Amino acid sequence: MAEASPRQKLQELRGKYIAGLPDRMAELSDSWSHLQHVSWNQKSLTFMSQCAHKLTGSGTTFQFPDITNTARALEEQLQMILAKPDASSAERQQIDHALNALERAILQATNAGVKEENPDPAIQATPENNSQHRIAVIEDDADQAAHLKNWLELRGYYAETFEDPDTYNQRSDKRLHHLILLDVSFPQGAMEGIAWLERLKTQVGTHTPVLMMSARSDMVARMRAFRAGADIYLTKPLNMSVLEERIHQLLESNVTTRPKVLWVDDDVELLAHYETMLTAEGYEVEGLSQPVRVLERIEQFQPDAIVLDHDMPGCRGIELAKVLRQDANYMTIPILFVSASPEAREQLEQHSIAGNEFFQKPLNSEQFLSSLQRHLQNAQHIAARINLISQRKESKGLQNLDYFLTELGALLASIGSNPEGKTHYLMQASIDRQEYLRAQHGARAMASLAARMEKHFAKQLGPGDSGCALGGGSFLFQLNEPTSNDDGISLLERFHHSMSTPAWTLAEDHTPVTLSLGVLTLNDALDEDKALIEVEHACSEAIQSGGNRIKWQQAPERSPEPEFNARIRELIAAHRFNLYYQPIVNMETGDTLFEALVRLVDSDNAVYLPSQFLKQLPEGIRGPFHELDRWVIQHAVEALSALKGKDAASHSVSIKLSSSMAVVENLLPLLSSAIRDARLKGKRRIYLALSSPNVMKDVAGAKKIARMVQNMDCGLIIEHIDTSVASVDLIKELDSVDVVKLAPALGAVAQQTPALEQLLNQLKATRNLNRRIVITGVEDAKALSWFWERGIRNFQGYFIQEPKGAMSYEL
């Protein structure tokens, strides 16, 4: 049977869409009836809003604009009452009218059938030769996804559809896509597409351009999408001619993101051959026949991989590699060596961060190309892991966003209880006219400007200040000053001036690029989410008022101390605890151990840290921490047992216990029962984490616990180990300890001392050869490299996840 023509495929899709419209209308009507006559609940309202949202985006796509218009009206009505406990009679009447209008539009569409008075322009299109481009469509509306796939294939692209970001992550082939078309809203959340994009941009494939599609046309969604790393934002229903133009624009501009390879060889003829070979395989190649200029060329070309002839006049490959790996900017670049001398293989370092490999001349091209691709992928993984565990990219750069937010939360938690005579300010800085500048100069030019700004801003921060890049030309800063009479006005004006001192411009356009600031004074009435929302609102107002302004946002009133303590006690009594997770990552293998961190969460999703609520725990018969430790054990094991697929057999969890050794011993039967009831299989799925100061109070009790834990096939972690003799003696005495975590201060670059090196040597010299040493508090890649050279592979950073994604971490 002959394959259906593009016209027939589109007609079939349109017919399928029409056939499904009555069911969609029935779902909306049933949900509304349930809300009115059975129970008013958030879940049904959210479901209705999602159904209306899909129809808003799909109606015009299938040539039914009335469905788009009436569905949009319904969606707007539903959005207005989503946060309300109930709707007024007038609001209910408005929703009735909107539902009736949508039902009439759907009835008209179903009566019209698949007759085609105005053919879709896509049907008339002539396929182009775009088959080399792979495009991923991540869209939960199956009809729209199928329509886009057919439309793209009609134009000669290779298109794949995925119902949500998780499905895209789980694809089996892992092949590169040249472009991603991404919806904003998914059943997992109204902004799930943006949240996923933020994670994507910190992982492998960061150069892949992303075009976001949504029925949401508001500025908030657009700004968040661009800050997350979107290249283009289009509203649904899609204008297909505009979509085609934007796809062409992104794919053309993305040609320059081919992997860059610098090949250094003093044999000019061989070098020309290698350049031709790699260029034909899609690499951007620069050949260099003068080894003495290699550092200069690396700085200018910024390669993703380097190929070195091992024996060159005036410069040996292994010597150059050692120099490069002392620089934080280049230590993650894989280096491949080629040489006619087989003895050169023995001189290579075997444990560089990004890996290296030796090839003997004459070169086996197929083997070499396969290895090059593997090393590039591994280098991207390594770079992503460094970003995960480091506080900042460079020692003198801005902090990573995850670390900044963690520190912001800790600061807000401590402001009320630890007065220090300082005023703290949160500030958001954003480039004015971002959308206009992006449209005029392109996403790459904006990214280059933001990178230059980031380096400049890092130099303006004083001691105790911090900052991070939000992406899309926006930045966050936390500034401190001694309490003064001018309420910080002078400080912020000086900072604004220092930020704007360079004449920021884009490309050859000499029109000044300005910055607007939103400022918020921090106090203990805020959590990090509220603070971020307030300061974002202030920044937006500054931009809308003409730009190049400072806008202050009034902070909420502080709660009286007795009222705050009473609220904490109420939350504790209601067991409003929640677990968050922080991964400990093996940088070499990717193996991950998830540390469970307990937080207190109120009905507004405000999160309280242990420093805020531990002192409020009731004393109890067995001490203040017994009941909390019981809760953590039960819920951490339940979370682990709830995993599906490969995660169910591979993931492990660390449980931190705060009680005395005697109480911990009493809790072990509970842990054993929980593991047995959850039917967890395999050894070392659960680790107990104990603090060394706690253990030193009762070493005999700790020894007994270590034996019991070992008999349960669990693991034992001792935390906060420092360079003192007592710490080393403790680990020697507890020889069955599986994991040793060093105190966070030892991970900083300033703390890499002979005493620390001696500690590492002593820990590795103990009898337990399988023991892992974990480093926390690493500031940048240079600090990580120092530990790597000393055989350390396990690091813990500041990537904290909420329970819903607790153990789904994957690079």
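The model shown is predicted, which means the values in this text are computed figures rather than measured ones.
Using cut-offs of 30° and 60° for the angle between ring planes, the H635 and W631 rings count as parallel.
Here the shortest heavy-atom pairing between G467 and F477 reads CA-CD2, 3.8 Å. Nearest heavy-atom pair across A783 and G747 is CB-O, 4.0 Å. Listed here is the closest heavy atom pair of P610 and R599: CD-NH1, 3.5 Å. Summarising the geometry of Y581 relative to A636, their closest heavy-atom pair is OH-CA, 4.2 Å, with the distance given to 0.1 Å. The two residues L609 and G409 have their closest heavy-atom pair at CD1-O, 3.5 Å. The two residues L376 and A305 make their nearest non-hydrogen contact at CD2-CB, 3.7 Å.
Under the 3.5 Å distance criterion, the side-chain polar atoms of D465 are matched with a main-chain donor or acceptor of N480. Between the side chain of E733 and the backbone N or O of L730, no donor-acceptor pair lies under 3.5 Å. In terms of modelled atom types and a separation under 3.5 Å, the side chain of S672 and the main chain of L668 share no donor-acceptor contact. Although no hydrogens or angles enter the test, the distance criterion places a donor-acceptor pair under 3.5 Å between the side chain of S727 and the main chain of D722. At least one donor-acceptor pair under 3.5 Å links the side chain of D629 to the backbone N or O of S658. Of the possible polar contacts, one joining the D698 side chain to the G701 backbone as a donor-acceptor pair under 3.5 Å is found. No donor-acceptor pair under 3.5 Å is formed between the side chain of R685 and the backbone N or O of V653. A distance-only check finds a donor-acceptor pair linking the side chain of Q582 to the backbone of G797 [under 3.5 Å].
With values rounded to the nearest 0.5 angstrom, S659 atom OG is found 7.0 Å from F625 atom CZ. Rounded to the nearest 0.5 Å, atoms NE2 (H424) and CG (N523) are 11.0 Å apart. Summarising the geometry, atom NE2 belonging to H575 is positioned 10.5 Å from atom CG belonging to L600; distances are rounded to the nearest 0.5 Å. Atom CG of L746 sits about 8.0 Å away from atom OG1 of T776, to the nearest 0.5 Å. Between S652 atom OG and D591 atom CG the span is 9.0 Å, to the nearest 0.5 Å. Rounded to the nearest 0.5 angstrom, S691 OG and M696 CE are separated by 9.0 Å.
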R576/E570 under salt bridge (charged side-chain N to carboxylate O under 4.0 Å, His left out): CA gap, chis, key distance, verdict: CA-CA 9 Å; R576 291 299 301 269; E570 287 177 7; over 6 Å; no

Please determine whether side-chain hydrogen bond (donor to acceptor under 3.5 Å, both in side chains) holds for the pair H720 and S692, giving the CA-CA distance in whole Å, both sets of side-chain angles, and the decisive distance to 0.1 Å. CA-CA 6 Å; H720 305 113; S692 60; 5.3 Å; no

Just do the side chain to side chain contact (heavy atoms under 4.5 Å, CB included) check on L628 and F613 with the steps written out, would you? CA-CA 11 Å; L628 179 59; F613 66 79; 4.2 Å; yes

Before you tell me yes or no, could you show the steps for D166 and W196 under side-chain hydrogen bond (donor to acceptor under 3.5 Å, both in side chains), namely the whole-Å CA-CA distance, both residues' side-chain angles and the distance that decides it to 0.1 Å? CA-CA 9 Å; D166 286 341; W196 176 79; 5.9 Å; no

Does the side chain to side chain contact (heavy atoms under 4.5 Å, CB included) test come out yes or no for V737 and L734, once each step is laid out? CA-CA 6 Å; V737 173; L734 296 172; 3.6 Å; yes

Side chain to side chain contact (heavy atoms under 4.5 Å, CB included) between L617 and I572: does it pass, once the steps are laid out? CA-CA 7 Å; L617 292 173; I572 291 172; 4.0 Å; yes

Could you give me the CA-CA distance, side-chain angles and deciding distance for S654 and L688, then say whether side chain to side chain contact (heavy atoms under 4.5 Å, CB included) is met? CA-CA 6 Å; S654 163; L688 284 192; over 6 Å; no

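Looking at heavy atoms from C-beta onward, L461 lies in side-chain contact with L398 at the 4.5 angstrom threshold. Side-chain contact between K656 and V632 is absent, with no heavy-atom pair separated by less than 4.5 Å. Within the 4.5 Å cutoff, side-chain heavy atoms of M661 are placed close to those of L690. In this structure, I686 and V637 have side chains that are in contact, with non-hydrogen atoms separated by less than 4.5 Å. Residues L667 and R630 meet the side-chain proximity criterion, which asks for heavy atoms closer than 4.5 Å. Two residues are said to be in side-chain contact when any heavy atoms from C-beta on lie closer than 4.5 Å; D780 and Q391 fail this criterion. Using a 4.5 Å cut-off on side-chain heavy atoms (C-beta onward), I584 and V739 make no contact. Side-chain atoms of R771 and V740, non-hydrogen and from C-beta on, do get closer than 4.5 Å to each other.
With sequence neighbours excluded, no residue satisfies ring-ring contact (aromatic ring centres under 6.0 Å, His included) with F795. With sequence neighbours excluded, no residue satisfies salt bridge (charged side-chain N to carboxylate O under 4.0 Å, His left out) with R569.
The side-chain tip of R790 does not point at the ring of W788 from less than 6.0 angstrom away and within 45° of straight on.
Of the listed residues (R772, R684, Q710), just one forms a side chain to side chain donor-acceptor pair (under 3.5 Å) with D738, and that residue is R684.
Using a 4.0 Å cut-off between charged side-chain N and carboxylate O, E627 and R622 make no salt bridge.
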